[in-house]
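Sharing a structure, written as structure tokens. Questions coming.
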Number of protein chains: 2
Amino acid sequence: MPNIKQIAEAAGVSVTTVSRVLNGHPYVSADKRAAVEDAVRRLNYSRNMNAVHLIKGITQTIGVILPNINHYYFARIMEGMAQQALKCNYQLMLCQTDYRPNEERKVLEMLRNKQMDGLIICSRALSLSEIETYANYGPIALCERVSGRNLSSVYIDHYASFQTAIRYLWEQGRRRIAFTISRRNSPSSRSRLQAYTDTLTALGGQAREDWVLDGCIDWEDGAALVDRLLAMEGRPDALLITGDQVAAGFILTARLRGLEVPDDFAVIGFDNQPISGLLEITTIDNRLSEIGERAFSIVHTQITSGGGKPVSEELGFRFIERSSV
Amino acid sequence: MPNIKQIAEAAGVSVTTVSRVLNGHPYVSADKRAAVEDAVRRLNYSRNMNAVHLIKGITQTIGVILPNINHYYFARIMEGMAQQALKCNYQLMLCQTDYRPNEERKVLEMLRNKQMDGLIICSRALSLSEIETYANYGPIALCERVSGRNLSSVYIDHYASFQTAIRYLWEQGRRRIAFTISRRNSPSSRSRLQAYTDTLTALGGQAREDWVLDGCIDWEDGAALVDRLLAMEGRPDALLITGDQVAAGFILTARLRGLEVPDDFAVIGFDNQPISGLLEITTIDNRLSEIGERAFSIVHTQITSGGGKPVSEELGFRFIERSSV
DNA sequence: CTGTTAGCGCTTTCAT
DNA sequence: ATGAAAGCGCTAACAG
């Protein structure tokens with residue numbers, strides 16, 4: 001692979017002129033420009049971008065931390081980010097870290113290392129405090145509500161969405177409401193638990209600790225839920241299931257057991273996944289693709305504009321009424 | 001951000017010694033090593049990896065071309081690659097190019113640019129010939145059968161899997177067999193069409209051109225298929241649907257129209273997606289995660305071992321009998 | 001409009 | 001065991 005110097009020689013100009021042509025700068029005479037372009041073609045030249053990254057101090061790359069790409073929630077967010085990245089001519093480094101703190105740390109180090117100009121964290125194991133210490137090295141955005149920190153944030157108000165869902169079930173006459181979560185101590189799980197307690201208490205209903213059903217991530221978990229519920233005395237008559245795939249697993253398995261939705265169980269799913277349309281599941285659209293788009297744009301803007309205050313952006317959820325309640 | 005020179009000064013050693021400590025080389029006295037480590041800590045030093053990439057000529061990054069990450073097929077392959085990447089301490093650049101030739105070209109250029117050490121192409125718009133011209137710049141693997149070229153390849157034998165599926169339907173007494181594809185001219189579609197024609201002809205059945213149903217990618221396409229089929233005179237009694245999500249859309253919509261699977265239509269899906277378990281869809285497991293793992297490992301091995309011949313690896317599909325036939 | 005030159009920050013001979 | 005010095009390939013003052 002030839003370098004810029006060899007091109008300069010071949011074209012009979014200085015490296016500066018070559019660089020100017022390469023970068024489309026003005027003030028290059030037509031004939032020299034042509035000579036350079038010709039040399040580039042003849043020698044099959046291509047810039048070594050690592051040298052450019054080194055000298056410019058940027059890489060046109062944004063890192064993305066998430067536990068696993070093969071999950072509707074994350075794939076959909078990633079899709080949104082990737083669409084924006086394509087428009088902006090930016091690259092996305094996919095860091096599938098499986099909620100392992102040390103792997104997340106490695107990615108933060110890559111920001112510090114200048115391997116990436118910014119970072120988007122879709123979900124995390126590390127503490128906000130630890131993440132925040134890296135904010136000086138480049139803009140960081142999280143896909144969750146964060147405030148009072150040097151971190152940007154794009155999020156849905158999970159508290160409000162849960163409140164809406166619970167009130168809806170209540171209005172439909174349901175009084176024994178349970179809900180699922182994936183990880184017990186995730187930020188969204190905490191606000192949902194809070195909303196569950198607050199809302200039911202306010203309505204004069206009861207929020208039961210044993211009706212917080214955790215570890216529900218895939219459809220199998222939803223399927224397993226059926227027996228878990230049948231084993232209870234005084235079982236719930238309504239479920240908020242955080243993830244339509246889990247809800248689908250539950251509903252289809254319930255049918256096999258001779259139970260009907262919504263007669264035996266009312267169900268509200270989350271994310272408005274394709275499957276929810278297919279099964280007519282009432283759901284809450286969390287606008288995942290837009291979360292990805294906005295997170296990308298915020299980080300991208302901060303990179304190009306050279307910093308500024310962190311941005312916090314709430315996207316409204318959408319309640320989609322179908323026939324599972 | 002301090003650089004290596006400043007660390008050298010602070011520690012009272014040469015930059016060479018600092019570099020040695022940083023890279024864990026031997027032949028550094030314990031006290032100098034300690035001095036360097038101390039200086040690194042005090043000055044909060046972090047290597048600029050772009051300089052390392054420049055001088056070493058590698059980036060520990062592999063690019064991945066795919067049209068859209070928010071699709072089970074690609075997300076699952078990507079998951080496999082990412083798991084391997086994590087183990088090898090390699091990074092993955094996600095290049096979601098939406099089948100746009102020019103975007104795919106940009107990624108190939110990034111390989112040439114040395115922004116990535118190798119490339120995996122999950123699906124493509126460009127010709128193999130064009131892709132092959134980049135093979136000198138780094139190992140390239142495709143997730144499809146490729147031979148006689150300077151490109152590696154990890155694939156499922158779609159011809160054989162289709163043959164298996166069609167014979168199975170035939171044995172179950174189905175004679176009017178149709179099938180869906182996503183893109184008409186993709187490599188896999190071509191081998192499937194070939195298998196369809198060959199197999200049915202061999203069995204003495206008929207392969208009908210109007211029973212090749214294209215544009216089937218998402219569940220909506222599957223849902224739309226029902227009416228498309230009902231509008232035909234002499235409609236098929238069996239369907240091979242390349243993608244379980246599409247199959248699910250078809251089956252659930254068919255039920256709403258009062259049709260039964262497998263009574264009115266026998267259905268065989270593809271990919272062994274979670275939904276196929278949920279709906280008891282007979283399917284063909286294409287081992288997507290393994291395809292991703294192998295593709296990554298092949299490229300990774302070629303990078304670390306410095307080239308060698310391209311590798312071609314076929315993974316056997318698995319026929320999963322459930323109750324949609 | 002063009003070229004000289006000084007870096008960007010790091011690794012790695014090659015001496016010692 | 002340690003350091004001086006020569007790059008890796010490119011950009012951007014600065015001087016003409």
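Sequence lines set the chain letters: A, B, ... in the order given, protein chains first and strands last, and positions in each chain run from 1.
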Q. D/dG9 phosphate, OP1 or OP2: any side-chain N/O from A/N3 under 4.0 angstrom?
A.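 Yes, such a contact exists.
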
Q: Give the rounded distance in Å between these two atoms: CG of A/L22 and P of C/dT2.
A: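 After rounding, the gap between these two atoms is 15 Å.
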
Q: Ignoring hydrogens and angles, tell me if any N or O in the side chain of A/Q84 forms a donor-acceptor pair with the backbone of A/E293 under 3.5 Å.
A: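 Looks like no, no N/O pair under 3.5 Å.
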
Q.
Within 45 degrees of the ring normal and closer than 6.0 Å to the centroid, is that where the cationic atom of B/R183 sits relative to B/Y99?
A. yes

**Q.** Atom-pair distance (OH on A/Y45; P on D/dG9), nearest Å
**A.**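 It is 9 Å, rounded to the nearest whole Å.
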
Q) Is any side-chain N or O of A/Y27 closer than 4.0 Å to OP1 or OP2 of D/dA12? A)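 No.
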
Q: Respond yes when some side-chain nitrogen or oxygen of B/K32 is under 4.0 Å from OP1 or OP2 of D/dG3, and no when none is.
A: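 Answer is yes, contact under 4.0 Å.
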
Q.
Applying a 4.0 Å non-hydrogen cut-off, can you work out what B/V18 is touching in the nucleic acid: base, sugar-phosphate, or nothing?
A. nothing

Q: Nearest whole angstrom, please: distance from the C1' of D/dC10 to the CD1 of A/I58.
A: 14 Å

Q. OP1 or OP2 of D/dT11 sitting under 4.0 Å from any side-chain N/O of A/N23?
A. yes

Q. For A/T16, which contact category applies under a 4.0 Å heavy-atom criterion: base, sugar-phosphate, or nothing?
A.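 The answer is base, as A/T16 lies within the cut-off (heavy atoms under 4.0 Å) of a base atom.
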
Q) When we call it a touch if two heavy atoms are under 4.0 Å apart, what does A/R20 touch: a base, just sugar-phosphate, or nothing? A)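 Base contact.
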
Q | Shortest side-chain distance from A/V13, nucleotide among C/dG3, D/dG9, C/dT11 | A | C/dG3

Q) Among C/dG9, D/dT11, C/dT2, which nucleotide sits nearest the side chain of A/S29? A) C/dT2

Q.
In whole Å, I'd like the distance from the CD1 atom of B/I55 to the P atom of C/dC8.
A.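 It works out to 15 Å between those atoms.
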
Q: Answer yes or no: is there an ion pair linking B/K106 with B/E109, defined by an N-O contact shorter than 4.0 Å?
A: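 Here B/K106 does not pair with B/E109 in a salt bridge, since their nearest N and O are not under 4.0 Å apart.
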
Q.
Below the 4.0 Å mark, does D/dT2 have OP1 or OP2 next to a side-chain nitrogen or oxygen of B/S14?
A.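 Result: no.
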
Q) Is B/S19 touching bases, backbone alone, or none of the nucleic acid, heavy atoms closer than 4.0 Å? A)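 It contacts base atoms.
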
(Q) Expressed as a whole number of angstroms, how long is the span from B/K5:NZ to C/dT11:P? (A)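 Computing the B/K5:NZ to C/dT11:P distance gives 16 Å.
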
Q) Where the side chain of B/D98 meets the backbone of B/R100, is there a donor-acceptor pair that is under 3.5 Å apart? A)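 Between the backbone of B/R100 and the side chain of B/D98 there is no qualifying donor-acceptor contact (under 3.5 Å).
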
Q) B/N48 has an atom CG; how far is it from atom C1' of C/dG7, in whole Å? A)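 That distance rounds to 14 Å.
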
(Q) Suppose the criterion is ring-ring contact (aromatic ring centres under 6.0 Å, His included): which pairs have a residue in residues 11-52 of chain A, not counting sequence neighbours? (A)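 Applying ring-ring contact (aromatic ring centres under 6.0 Å, His included) to every pair that reaches into residues 11-52 of chain A, excluding sequence neighbours, yields nothing.
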
Q.
Could you tell me how far apart B/R47 (CZ) and C/dT12 (C1') are, to the nearest whole angstrom?
A.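 In whole Å, C/dT12 C1' and B/R47 CZ are 14 Å from each other.
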
Q | Whole-Å distance separating the NZ atom of B/K56 from the P atom of C/dT13 | A |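 Rounding to the nearest Å, NZ of B/K56 and P of C/dT13 are 11 Å apart.
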
